Each structure stands twice: as structure tokens, then as C-alpha cells.
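Here's the structure we're looking at; comments come further down.
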Amino acid sequence: MKETLEILVEKALRALSIEMESISFEHPDEMSHGDYSTNIALVLAKKLAKNPRDIANQIVVEIQENPFPKEISKVEVAGAGFINFYLSQKYFADGVKDILKQGKKFGQSKIGAKKKVLVEYSSPNIAKPFTVGHLRSTVIGDAVANISLACGYKVIRDNHLGDWGTQFGKVIVAIKKWGDESMIEKSKNPVKDLVDLYVKFHDEAEKDATLSEEAREWFLKLEKGDKEAKRIWKKCIDWSMLEFEKIYKRLGVHFDTTLGESFFKDKTGAVYEELEAKKLMRESEGARVVFFEDEKLPPLIVKKTNDTTIYAARDLAADLYRKEKYGAGLKIINEVGSEQTLYFRQIYEVEKMLGWFAEGERVHVMHGLYRFEDGKMSTRKGNVIWLEDILDEAVKRAGEVNPECADIVGIGAIKFNDLRRNSKQDIVFKWEDVLNLTGDSGPYIQYSAVRSRSVLTKAEEEGVKESLKVVPEKDFGVERLIGRFPEVVERACGEYAPHYIATYLIELSAAFNGFYGREKIVDATDEFSPYKVALSHAVSIVLENGLTLLGIQVPSKM
Ligand code: ARG
């Protein structure tokens, strides 16, 4: 469409003998201002030192004097000199036809050109709780992966488990001193037991300094492959994974690969060699450190004096491995909390210095904190909010209104509450907002999707068949929105920002509900009814496709 408009404006400029400029088109903020708007007159006015409205008028008159392309119904000057374009009902009807034809595929694109992208998300830590931070990572990362896939990328979903680190020394000591493996084994939630032990370790270590030393020794043993240390560590993984798998099942997410940090610890050698060979690593206060040009970032420690590996080295090894496994041109996205922003900038910079990745091939999609305003929800144990409790509560509350689809609505609500805003932002969690049926919530979108679908059932019952043969002169306020879905998806993909889709769905739901409230859609005596039914059908497709990209299901009834 933009091309058609560009040709139109270019032709007018030529006729007016005005020298060409590149012309950009935007959607006006307000729907009533048309479908596209250009500021070309304002740009030209500056250059020619003329009044922008005069120039805009000239252009519009020139356009109006010639026959319009059938896609356009109206052109007018607005505000300080903007030119607004209104698309025609014929154009919208063709758009609806296309949506009905494409169905589930509507919104997909090929911008990814089959390039590979690895989306790393969730990445909880073994023997530690699955936190709300991990929930955010899981929900946002999964949406980013879905969107990339829809845009033609080859997607690898990667769960980078935190299964290595000094905490295992502490956990091993705690299990040996105060734990009972067979009890943990039988426990309903072994991770809770492990966390209790971890908390106990820290309490005791404050009184007894030798405990920390003992923990360090156990971790060193683990790094060296000690049998007993490894046995307990493996148990911790099994116990934790049982818990994590439960959560993934409830959230409906899956991964193509789940490799922990431990997998990469033996692969740090190649990283050190390359850093050494390229003279990027220096000795500093007994550690090996990478310094950055002009001190633009603080130095990054990649190796400590003792023989244990560290987080940064394992991350570098992971990326080297991925690069080799998936080939050149691979893009890697890390969905990790914003508290690790500096760290990832350092890692990306080191990888750039190593020549591993080109500009834009390393991306940090970050998320802010989750804060609970509702004191009641702070089920705190060892200062932890258990994710399971949040999911349970969401499902329980959703069930009070919708017993039949409590899971779909409850989980959908939690996900949408996260995805509807820029992920960098913190979330203040309020149940009223999350499960609100009328506000900007998941249930509201689900409800709108169910409602738009219900129109089709009703039409069938009353013998009204959807058709685009008879098109009314005026639009119903949804036409101009539904056609924009593919652009929204592309934008969300390009900016790694699912919230563009979520806010778009809110807007579309509001427009549809307005249409639904104002119009009698199914009416055998109304010549426009078949058009209205087709329109509702198209809305239901877009709402469902949008929710699917966000990893949210549509209930069959609501
Ligand atoms: N396990 C880490 C945590 O819970 C997140 C891992 C992020 N990914 C990475 N490649 N370092 O904080």
C-alpha cells in the first residue's frame, strides 16, 4: 500500500515541478485521521522556505484532479501540513477476503529469510526456586521465539540451565549435614527442601566460618569430577527438573535444547586459548581479565586463580559451541533480567573483539522486576515467592468466574499481563488488573476472541452466510485495524518486542466490541449482514493468531 501512495505523491510532485524527497508514511495516531499520513509537505516547506499547509494543499489538489487508485477513498490536508489518506471500502473488503483465505497463516512473513536464531530463555537455576524473573524470561522468550518463527526464521529454543556454580558446594554441605536424601526424594516439592537447606546453610555459615571453606572444597571436588559430589549434584538436577517440567507443562512451553552451564564448563579451554592467542586476556590481581578499549566498559574477569570455571567463561564457551553447531550467520538472543545488562554488554563486546559475531547477531532482550502490591500474595518462604503459588492462585481466581476454562484463562492472564508492556519495564502485580474481564487483560482478549467466533455459530444457526459481495459504504471501525496485523508482527519481530502485538490486540478487541455493541451482526433481513459476519470471522482469526504468537490459548467458551 505504501508503494501505491508513494507513486501517487511522487506523480503530484513531478507535476508541480517540486524536487523529489524521500517520502515516508505513518499510520495517524487517531483512527479518524485516516489510514496513512505523510509529512512530506513539512519537509519540503523547510527546504523551500514556504508555508507547509500551502504545499500540502497544492499536492492534494494535484492528486484530486486525477483519478484515484481504487484503494483510496479520500485525501486531505490536516494539522500543520500533514496529508492524510483514507483507504477505500473496496480495499478493506479485499483485505478481509485475504485474511479469510490465509486463516492461521495470516500475519506470517518471510523477513527472517530462513536465517537461524537461537532464543535462549527461562534458564532457571538448579537447586534454587523458579522465580518470577524466570517466569518473565519464559513468557517473553517464548513469545519472541514464536514471533521469529512466524517471520520466517529458523528458531532454536534453548533453555540455559544454571546447573553449575559455587552454590553447589553449599548445597552439598547442607545435604550432608542436615538433609535426608530419601526424604527429599519423597517430598512433594524437592526444590523447596533444597532451598530450605540452602537458607539454613547461610544461617549457619554466619556463625561458623569453616562451613564456607567446606563448601568451597566441595565445589572444587565437583569441578574435578569427584564421584560423591557428582552423585549429589545429579540428584539436585533430577529433583529440580521434575519441578521445572511441571511448570513448563502448565505454561505450555517447550525447548529444542536444554543444556546447562555444566555442559560448557569443559569447553572453556578453547575460549581461553583464543583469548590468549588474540592477546585479549591479561593478568590482573591474580585473575585473567579482559580490558576494553578506552575503558568503555569495566574489565571482565574470565578466569580466577583457583581451578574452578566462572559464569562468564561458561557463557563464552556456550556461544562458541552454538556458533560452531548452528553455523555462521546465527543470531543469539538472551532473554535475561535487566540486572545482567552490563554483564551481557561485556560478553557481547568480548565476542565482538574475538570476531565471533557481526553487528546485531547478539541481542539482549531484558525484563524488569515483578513487584507485588497485594501483600496477601507474598507467600514467602526463605524470602521467595513460589511461582506455583502464583499460577495456582491465577487458575483458582479464573475458575471462580470460568470453571470450565480456568487453566487457559488463568495462565493466559498471567502471560498477557507480562506481555502487554515493554519488557524492560517493572511490573506492579495486581490481581484486579491481571484477571480483569473489561480492561487490558488476557481474559478480555480471550473473551473478545470467543465472542467474535460465537458470531459464526449464530450466523450458521440463522442461515446467514459470510460474503464480501455487498460492501457498505462506511466502515465499522475494525476494517482498518485487522489489515495492519502483519506489520505489527514484523515490528514486534524486528524490535524483539511482543508488547506491540499485545497492545494491538487490545485495540482490536475494543474496536470489535464497539462494533458488536452497535450493530446487529447476524440478521437475515440485512443485506450487509453477510459482510459483517465475514468481518467478525476475520477479527476472530486475527485475535486468535495474535494470542497464539503470545503463547496464549483461546478457550472454546467463556
Ligand atoms: N541462570 C541465570 C539466572 O537465573 C540466567 C542465565 C542467563 N543466561 C546466560 N547465558 N547467562 O540468573
Side-chain angles (χ1 to χ4, degrees), residues 30-32 35 87 89 91-100 102-104 106-107 398 401-402 404-405 408-409 412-413 416 420 435-485 488 501-548 550 552-558:
E30 268 183 55
M31 283 286 170
S32 59
D35 298 284
L87 300 179
Q89 281 293 89
Y91 175 80
F92 290 139
D94 286 347
V96 171
K97 203 182 279 170
D98 181 49
I99 295 172
L100 298 181
Q102 291 200 49
K104 285 192 187 325
F106 182 66
V401 194
N402 283 290
E404 278 165 60
C405 47
I408 293 180
V409 175
F416 194 85
R420 76 188 169 88
L435 288 159
N436 190 344
L437 251 185
T438 51
D440 303 344
S441 67
Y444 172 64
I445 314 293
Q446 288 172 320
Y447 179 67
S448 309
V450 170
R451 188 183 235 188
S452 58
R453 227 198 239 157
S454 75
V455 169
L456 308 181
T457 324
K458 183 140 187 264
E460 207 175 307
E461 283 164 13
E462 301 194 12
V464 178
K465 262 192 135 165
E466 67 179 27
S467 157
L468 292 153
K469 283 212 186 80
V470 185
V471 179
E473 249 170 59
K474 246 185 73 55
D475 69 88
F476 290 110
V478 282
E479 288 93 330
R480 40 178 35 97
L481 267 177
I482 43 178
R484 289 185 194 175
F485 181 58
V488 174
I501 295 177
T503 46
Y504 166 84
L505 295 178
I506 293 171
E507 212 183 333
L508 178 58
S509 296
F512 173 73
N513 287 317
F515 163 57
Y516 186 93
R518 278 189 313 270
E519 297 288 327
K520 185 152 191 249
I521 298 178
V522 181
D523 179 354
T525 64
D526 176 3
E527 59 167 333
F528 297 125
S529 187
Y531 170 86
K532 293 189 224 175
V533 173
L535 199 55
S536 305
H537 189 181
V539 169
S540 79
I541 288 173
V542 176
L543 288 177
E544 183 154 349
N545 290 2
L547 284 172
T548 304
L550 300 181
I552 297 172
Q553 284 175 273
V554 180
S556 49
K557 255 203 330 232
M558 228 175 138

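Model, not experiment: these values are computed from the prediction. The figures that follow rest on heavy atoms only: side chains count, while hydrogens, waters and symmetry mates do not.
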Quiz item: Got a salt bridge between K520 and D526, using NZ or NE/NH1/NH2 to carboxylate O under 4.0 Å?
Solution: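 Judged by the 4.0 Å cut-off on N to carboxylate O distance, K520 and D526 do not form a salt bridge.
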Looking at [atom1] of [X] and [atom2] of [Y], how far apart are the two atoms once the value is rounded to the nearest 0.5 Å?
X: F416; Y: L505; atom1: CZ; atom2: CG; answer: 6.0 Å
X: I99; Y: I541; atom1: CD1; atom2: CD1; answer: 7.0 Å
X: S467; Y: K97; atom1: OG; atom2: NZ; answer: 8.5 Å

Quiz prompt | Working for side-chain contact (heavy atoms from CB on, under 4.5 Å), residues V455 and V522 | solution = CA-CA 7 Å; V455 169; V522 181; 4.0 Å; yes
Is the backbone of [Y] close enough, under 3.5 Å, to the side chain of [X] for a donor and an acceptor to pair up by distance?
X: S540; Y: A449; result: no
X: E479; Y: G477; result: yes
X: N402; Y: E404; result: no
X: D98; Y: D94; result: no
X: D440; Y: I445; result: no

Taking all non-hydrogen atoms of both residues into account, name the closest pair between [X] and [Y] and its distance.
X: V96; Y: A534; result: CG1-O, 3.9 Å
X: Q553; Y: I408; result: O-CG2, 3.5 Å
X: N545; Y: G103; result: ND2-O, 3.0 Å
X: R453; Y: S556; result: NH1-CA, 4.0 Å
X: Q446; Y: G412; result: NE2-CA, 4.2 Å
X: I501; Y: G546; result: CG2-O, 4.0 Å

Would you say that [X] contacts [Y] through its side chain, given a criterion of any heavy-atom pair below 4.5 Å between the two side chains?
X: P472; Y: Q89; result: yes
X: L481; Y: M31; result: yes
X: S509; Y: L543; result: yes
X: F476; Y: I521; result: no
X: Y531; Y: V470; result: no
X: L100; Y: E466; result: yes
X: M558; Y: R451; result: no
X: L508; Y: I482; result: yes

Practice problem: Would you indicate whether E462, at its atom CD, is surrounded by more than 12 heavy atoms from other residues, nucleotides or ligands within a distance under 6.0 Å? | Solution: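 It does: E462 CD has more than 12 such atoms within range.
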Practice problem: Is it possible for you to check whether R484 lies under 6.0 Å from the centre of the six-membered ring of Y504, through NZ or CZ, and within 45° of that ring's axis? | Solution: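 Judged by the rule, R484 and Y504 form no cation-pi pair.
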Practice problem: Evaluate the side-chain contact (heavy atoms from CB on, under 4.5 Å) criterion for residues F92 and V471: first the C-alpha distance (whole Å), next the side-chain angles of each, then the deciding distance (0.1 Å), finally the verdict. | Solution: CA-CA 10 Å; F92 290 139; V471 179; over 6 Å; no
Quiz item: Is the F512 ring parallel, tilted or perpendicular to the F515 ring (thresholds 30°, 60°)?
Solution: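 F512 vs F515 ring planes: perpendicular.
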